> 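Structure provided below as structure tokens; questions to follow.
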Amino acid sequence: MAAVAKEETRRKGSVSLEGEKVILVPYMESHVPKYHCWMQDPFLLEATASEPLSLDQEYQMQLSWSQDPHKETFIVLDKDLVVGDFLHGEPHVEAMVGDVNVFMNDLDNPHMAEVEIMIAEPKSRGKGLGKESVLMMVAFAIEKLGINVFRVKIGESNGASLNLFKKLGFVQTSHSNIFKEVTLEFLVTQPMKEELHSLMGTVIKHT
């Protein structure tokens with residue numbers, strides 16, 4: 001992979017991140033109908049602790065996320081499913097298989113972010129796309145957003161996600177019996193930062 005491209009300023013929604021298996025693109029209006037279909041699935045609603053929305057509400061949510069300075073959202077494209085050449089700025093709906101997010105909502109620690117990953121398409125699970133997407137997002141958030149602590153909250157019954165994050169080095173910090181939820185955290189050290197930068201070099205493409 002190419003090394004991360006340096007940039008002085010970055011406008012939200014202006015970059016895509018390309019890895020070996022996935023391309024992360026900004027969540028665009030064109031993605032909403034397919035995303036909405038995903039979120040009709042009770043399994044995905046439970047796994048993401050989400051409430052079902054109408055299509056109009058989903059469009060409003062996409063607009064809100066695109067403008068929220070405390071949230072970064074990328075749609076995960078499976079590179080095997082991209083038709084033709086990948087063009088930055090194009091939604092490539094045919095290849096969208098999930099999304100990955102970071103939320104920076106901890107007022108006490110602006111360098112902490114919560115991570116979420118969803119691979120919604122069954123045909124694209126078990127291929128390592130979730131792992132690569134999380135690593136790319138973590139590397140991006142470290143370098144471009146100044147994040148040094150990552151947190152995930154996962155339902156205790158979601159064994160696949162728990163295993164994924166534990167394999168990535170996230171450590172359990174708490175368990176809520178009330179919400180049936182496990183919290184794990186990843187503290188970025190300098191050696192880890194260098195390793196992530198080395199392993200997850202990405203190509204950042206400007207609009």
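Note that this is a predicted model, so its numbers are computed, not measured. All residue numbers refer to positions in the sequence shown, counting from 1.
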> Between K34 and M96 (side chain of the first, backbone of the second, donor and acceptor by atom type, cut-off under 3.5 Å), is there such a pair?
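Judged by distance alone, yes, a pair lies under 3.5 Å.
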> How long is the gap from CG on L184 to CZ on F170, to the nearest 0.5 Å?
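Output value for this atom pair is 8.0 Å.
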> Any side-chain heavy atom of V15 within less than 4.5 Å of one from F140?
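When only atoms from C-beta onward are counted, F140 and V15 do touch, with a gap below 4.5 Å.
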> Tell me whether S64 contacts the main-chain N or O of Q60 through its side chain, where contact means a donor paired with an acceptor under 3.5 Å.
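Judged by distance alone, no pair lies under 3.5 Å.
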> Is there side-chain contact between P26 and I75, with heavy atoms separated by less than 4.5 Å?
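When only atoms from C-beta onward are counted, I75 and P26 do not touch, as no gap falls below 4.5 Å.
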> Using the ring of each side chain (for Trp, its six-membered ring), is Y35 parallel, tilted or perpendicular to W65, with breaks at 30° and 60°?
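Perpendicular, since the angle between the ring planes exceeds 60°.
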> Minimum heavy-atom separation for S157 and E46, please, with both atom names.
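Closest pair (atom of S157, atom of E46, distance): OG-OE2, 4.3 Å.
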> To the closest 0.5 Å, what do you measure between CG (L77) and CG (D99)?
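L77 atom CG to D99 atom CG measures 11.5 Å (nearest 0.5 Å).
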> Looking just at side-chain N and O atoms, do H175 and E156 make a donor-acceptor pair shorter than 3.5 Å?
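Yes, E156 and H175 have a side-chain donor paired with an acceptor closer than 3.5 Å.
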> Using modelled atom types and a 3.5 Å cut-off, is there a donor and acceptor pairing between side-chain atoms of R125 and backbone atoms of G130?
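Such a contact is absent between R125 side chain and G130 backbone.
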> Do any N or O atoms from the side chain of Q40 and from the backbone of H36 form a donor-acceptor pair under 3.5 angstrom?
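Yes, the answer is positive, given that a donor and an acceptor are paired below the 3.5 Å cut-off.
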> Looking at CD of E58 and CD of Q62, how far apart are the two atoms once the value is rounded to the nearest 0.5 Å?
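One gets 9.5 Å once the value is rounded to the nearest 0.5 Å.
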> Could K21 and E132 be called an ion pair, given the rule that one side-chain N must be under 4.0 Å from one carboxylate O?
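So K21 does not pair with E132 through a salt bridge.
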> With side chains defined as the heavy atoms from C-beta onward, is the minimum distance between Y59 and P33 less than 4.5 Å?
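Of all side-chain heavy-atom pairs linking P33 with Y59, at least one is under 4.5 Å.
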> Answer yes or no: does atom NZ of K153 have more than 12 heavy-atom neighbours from other residues, nucleotides or ligands under 6.0 Å?
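Atom NZ in K153 is not packed in, count stays at 12 or less.
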> With side chains defined as the heavy atoms from C-beta onward, is the minimum distance between Q172 and L162 less than 4.5 Å?
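No; the side chains remain at least 4.5 Å from each other.
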> Tell me whether F43 is reachable from M39 by hopping between hydrophobic residues (I, L, V, M, F, W, Y) whose side-chain heavy atoms are closer than 4.5 Å.
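Same cluster.
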> Should V134 and L168 be marked as a side-chain contact (heavy atoms from CB on, under 4.5 Å) after you check the CA-CA gap, both sets of side-chain angles, and the distance that decides it?
CA-CA 9 Å; V134 170; L168 292 176; 3.6 Å; yes
> Decide, yes or no, whether a salt bridge links K127 with D80 under the criterion of side-chain N to carboxylate O below 4.0 Å.
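Yes.
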> Identify all side-chain donor-acceptor contacts of residues 111-118 below 3.5 Å with residues at least two apart in sequence or on another chain.
{"unit_1": "H111", "atom_1": "ND1", "unit_2": "G146", "atom_2": "O", "d": "2.9"}

> Can you tell if the side chain of V25 reaches within under 4.5 Å of the side chain of H88, non-hydrogen atoms only?
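No, every pair of side-chain atoms sits at 4.5 Å or beyond.
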> Roughly how far apart are M61 CE and L53 CG, rounded to 0.5 Å?
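Rounded to the nearest 0.5 Å, the CE-CG separation comes out at 5.0 Å.
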> Would you indicate whether K180, at its atom NZ, is surrounded by more than 12 heavy atoms from other residues, nucleotides or ligands within a distance under 6.0 Å?
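No - once you tally the heavy atoms of other residues, nucleotides and ligands closer than 6.0 Å, there are 12 at most.
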> Tell me which one of E72, K71, R151, H70 satisfies side chain to side chain contact (heavy atoms under 4.5 Å, CB included) with V102.
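Between V102 and the candidates, side chain to side chain contact (heavy atoms under 4.5 Å, CB included) is satisfied uniquely by E72.
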> State the CD-CG distance between E51 and L45, to the nearest 0.5 angstrom.
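Result: 7.5 Å between the selected atoms.
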> Looking only at heavy atoms, which two atoms of L81 and S124 are closest? And how far apart?
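For L81 and S124, the tightest heavy-atom pair comes out as CD1-OG, 4.0 Å.
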> Taking all non-hydrogen atoms of both residues, which atom of V100 and which atom of M137 are closest, and how far apart?
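Minimum heavy-atom contact is O-CE, 3.4 Å.
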> Answer yes if V32 and V93 sit in the same cluster of Ile, Leu, Val, Met, Phe, Trp and Tyr residues linked by side chain heavy atoms under 4.5 Å apart, and no otherwise.
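Yes.
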> Work out which heavy atom in W38 is nearest to a heavy atom in G98; give both atom names and the distance.
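Result for this residue pair: CH2-N, 3.1 Å.
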> According to a 4.5 Å side-chain heavy-atom criterion applied to Ile, Leu, Val, Met, Phe, Trp and Tyr, with indirect links allowed, do Y27 and L44 form part of one hydrophobic cluster?
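Hydrophobic grouping puts Y27 with L44.
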> So, do V22 and D78 sit near enough that their side-chain heavy atoms are less than 4.5 Å apart?
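With C-beta onward as the side chain, the pair stays apart.
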> Could you tell me the separation between the CG atom of D68 and the CE atom of M104, rounded to the nearest 0.5 Å?
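Output value for this atom pair is 8.0 Å.
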> Kindly work out whether a path of hydrophobic side-chain contacts (I/L/V/M/F/W/Y, heavy atoms less than 4.5 Å apart) joins V182 to F179.
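No, because V182 and F179 fall into different hydrophobic clusters, even though each may have its own neighbours under 4.5 Å.
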> Look at E18 together with K79 and state whether they make a salt bridge at an N to O cut-off of under 4.0 Å.
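The answer is yes: the pair qualifies as a salt bridge.
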> The test is side-chain contact (heavy atoms from CB on, under 4.5 Å); show your working for V76 and L24 and say whether it passes.
CA-CA 5 Å; V76 179; L24 307 184; 3.8 Å; yes
> Give a yes-or-no answer on whether the side chains of E94 and H92 include a donor-acceptor pair shorter than 3.5 Å.
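Note: E94 and H92 side chains meet the donor-acceptor criterion.
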> What class does the angle between the rings of F186 and F150 fall in, given that below 30° is parallel, 30 to 60° is tilted and above 60° is perpendicular?
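Rings of F186 and F150: tilted, as their planes differ by 30° to 60°.
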> Evaluate the side-chain proximity of S133 to F74: yes if any heavy-atom separation is below 4.5 Å, no if none is.
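In short, these two side chains do not touch, never coming nearer than 4.5 Å.
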